[in-house]
Visitor: 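To start, I am sharing the structure in question, which I have written as structure tokens.
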Amino acid sequence: MPSEATEPRAWWKEDVVYQIYPRSFRDSDGDGIGDLRGIAEKLDYLVDLGVGIVWLCPVYASPNVDNGYDVADYRAIAPEFGGLADFEHLVREMRARGLKLVMDLVFNHSSDQHEWFRSARASKDSPYRDYYIWRDEPNDWGAVFGGGAWTRNEPTGDWYFHIFAPEQPDLNWETPALRRELYDIMRFWAGKGVAGFRLDVISFISKKPFDAPQTGGIFAFYANGPKLHEYLREMHAEVLSPLDLMTVGEAPGVSAADAPLYVAAERGELDMIFHFDHAGIDRTPEDFWRPAPWKLSDLKEILTRWDRALAGRGWNSLYLGNHDLPRLLSRFGDTGAHRAAAAKLFATMLLTLRGTPYIYQGDEIGMINTPFESIGEYRDIVAMNGWAEARAQERDEHEFLADHILVSRDHARTPMQWDASPHGGFTAGEPWIRTNPDFSSTNVAASRADPGSVFHHYRRLIALRRATPALVYGDYVPIDAGHPDVFAYVRTLADVLLLIVLNVSGDEVSIGELGRYGTALIGNYDGCGGVLRPFEARVLRMAEEVGEYASPACAINEVDPAYMGLNR
Ligand code: GLC
């Protein structure tokens, strides 16, 4: 990486992250649930892909009301995933391959089965009573998973607060002893060789005054409470800074304007946050679980707004899929004739914008949504609660599922498709959730065997990003921002200028002059010119100097030798 970069260098800016949903990645013991040994078996695959950091969704002991986002013991591994010895084995195997591990910490709430809560709910005299939030009477705030945010506690006759399910009581960050416990948990995992943390719904940890009226969207209401930044600064001073840990905070409800408060380096809080602006792009403003149409112009505007907000002030994170969203190709791309082209286009977008890219498991082979057929095939608490609500309103299953299938989190949680053997090679047993029936054609083995596949496109893009400082640290400048189908931008650093042109549509689009510039470094079609084909994506290098757009002519097969044959 060059010395010209003004942005301070960091490993977590230069590496690409791969997100694993352990329950669905690889089952090593045939119980139908993915596990830590299964992940360890697949590390060479991740090295081949070229990622440098692995984010593991929660693997702690949990009753799994919300698949591990309800933690019963922050220091224990869930038995279905293995034990601490398996965790230590995984860390060793990762280190041996130069991979870094990021753990998911769920500190806004615990499980109601955590010993703190069991004690706190049993008696008002419990030493853990103030670890949670209690009132004699509830207010009318609502919960993200539906229903009210307060549940009555029979043994003590009062009410406790939960932004998510009743089985996920919110922790009371006002209590210093609680915060000290949480920092100790972070030290515990850091001591086991973890390089960083993803902090679940961290924007929600400080609560608004009890009498605040719940207005606006639910995420914005719960985000940015009065003491939030005080807590983050304390966590940074106590743990993150002394142990040199990388952090990415999940930040629903946080706007681009507020983002620098979380990630500007001089504030000493977090390294990155995940915003929700594009996660909610295909949802109604009132209800995140209701689908709505989306527009490319909105996606471009959001991504540009976030780049501008953080340029020179803090570092961005980039994601197009995760365990809470349907598959990106089904949302934004194409699942028919242009499926592979679309998968490569979104890979290009993810890996050439400014910020650390987070790849969600399976996106690198172009996985799509599963055709769930009945409510019985869904597993997520959001589906269960939504269905209960629909039944109460006398809606029928068909009507409910017609909407829910467009927003379901279960699409991201179906088994990873390794090969064409039963259940995609995920398990020798019965998987905990159904496998997408397209596993026989869409799988890792087939994708790795085909040099023109989505997998190899991801691999080449990751290698290109690693070899190209302008793709990591370069400025981002959008071109023709109002174009309804084309997303085009340049990345520039010193005298290097890269042009990225993406046709985010299934139609041919003329780009005139723009098609004549530069040398193609990587593209998803052969040849180029003034017409972009469906979901065509090109990354081009401009001649010599910034601003000199005119030559040489775009030629997809003329690859700059410096790029190591990346454009096969
Ligand atoms: C985050 C997680 C999600 C979970 C929720 C409650 O949004 O990503 O999976 O359900 O927090 O913990």
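Both counts, for ligands and for their atoms, begin at 1 and track the order of listing. Because only heavy atoms are used, hydrogens play no part in the values below, and waters and symmetry mates are left out as well, while side chains stay in.
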Visitor: I want to know whether F164 and H109 have ring centres closer than 6.0 Å.
Guide: yes
Visitor: Starting from the C-alpha separation in whole Å, work towards a yes-or-no answer on side-chain hydrogen bond (donor to acceptor under 3.5 Å, both in side chains) for Y262 and H275.
Guide: CA-CA 11 Å; Y262 286 75; H275 70 80; over 6 Å; no
Visitor: Please report whether the ring centroid of F274 lies less than 6.0 Å from that of W55.
Guide: yes
Visitor: Of all residues at least two apart in sequence or in a different chain, which pass the side-chain contact (heavy atoms from CB on, under 4.5 Å) check with A309?
Guide: A256
Visitor: Taking the ring centre of each residue, are F117 and Y128 less than 6.0 Å apart?
Guide: no
Visitor: List by chain and number: which residues place a heavy atom under 4.0 Å from ligand 1?
Guide: D66, Y69, H109, F145, F164, Q168, R198, D200, V201, E250, H323, D324, R409, R413
Visitor: I want to know whether Y160 and H162 have ring centres closer than 6.0 Å.
Guide: yes
